[in-house]
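Reviewing the structure listed below.
Both counts, for ligands and for their atoms, begin at 1 and track the order of listing. This structure is a prediction, so every number in the text was calculated from the model and none was measured.
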Amino acid sequence: MGEEPLLDLVNLLYAVSKEEKEKHPRKADTYWVTDLVRCALKREYELKYPELVEKEIFTPVFILGTLVHRGLQELLKSIMGEGVSTEVEGSREVVLPDGRKVIVEGRADIVVKISDEMIGVEIKTARSDYELPKPQHVDQARIYNWLFNLNQTILVYITPERVTQYLVSDKATEDEVVSRITSRKIPRYDWECKYCSYSVMCPYKVPSK
Ligand code: SF4
């Protein structure tokens, strides 16, 4: 105690999280798949006040989630070998009703190729197994099915109470994606405000009881 460790693991985890975040800066003409399943204002705030979300890169919950992701990705790769791709990035251009062209970008945790089928795997960690699967996760999986042209996505939940999976075969349409981009649903879910970095300034905050 009190001595400097020869190997500073906390610093290493911090550096990895920071590097990961810096690889994906926000761009005005790009919508992430995650933007389409949450409060529309959060993306606008992130473009305007990026520093307010920076502390999120080092929260224990975030680090735990990252490690579970890495663990399952490596496990699948070591068991199944070829055919397993991780952190797969994809993008598609869509045209909005006002004629503006924007990019929809997403990163699938895992894509597995089995014969001619492409299967996505989306890993979710949570504190509890209450009300699974979450609607925003099912929507995210449906949009990944559209973005990567996947046959299906398996939503895997790793929680202290339950490790379980749900199959999502439905695929979003381009019209749905455009309508989500132009949506002004603020917040999309009432509970979002409780966990939002911008609740300290947002006039639309729904206070929790
Ligand atoms: S506080 Fe609520 S309404 Fe405001 S940006 Fe955050 S999630 Fe959206």
Just jot down the ligand 1 atoms closer than 4.0 angstrom to any heavy atom of Ile186, in number order.
3 (S)

Going by the atom numbers of ligand 1, which of them fall below 4.0 Å from some non-hydrogen atom of Tyr45?
5 (S)

Just wondering, is there an N, O or S atom on Cys196 that's nearer than 2.8 Å to atom 6 (Fe) of ligand 1?
yes

Between Arg38 and Glu46 (salt bridge meaning N to carboxylate O under 4.0 Å), is one present in this structure?
yes

Electrostatic pair Lys18:Glu22 at N-O distance under 4.0 angstrom
yes

Among protein heavy atoms, which lies nearest [atom], and at what distance?
atom	result
atom 8 (Fe) of ligand 1	Cys39 SG, 2.4 Å
atom 4 (Fe) of ligand 1	Cys202 SG, 2.3 Å
atom 2 (Fe) of ligand 1	Cys193 SG, 2.4 Å

I'd like to know if Val111 and Leu155 are part of one continuous hydrophobic network [Ile/Leu/Val/Met/Phe/Trp/Tyr, side-chain heavy atoms within less than 4.5 Å].
no

Arg26 to Trp32 six-membered ring, cation-pi geometry met (6.0 Å, 45°)
yes

Does Arg162 make a cation-pi contact with Tyr157 (under 6.0 Å, within 45 degrees of the axis)?
no

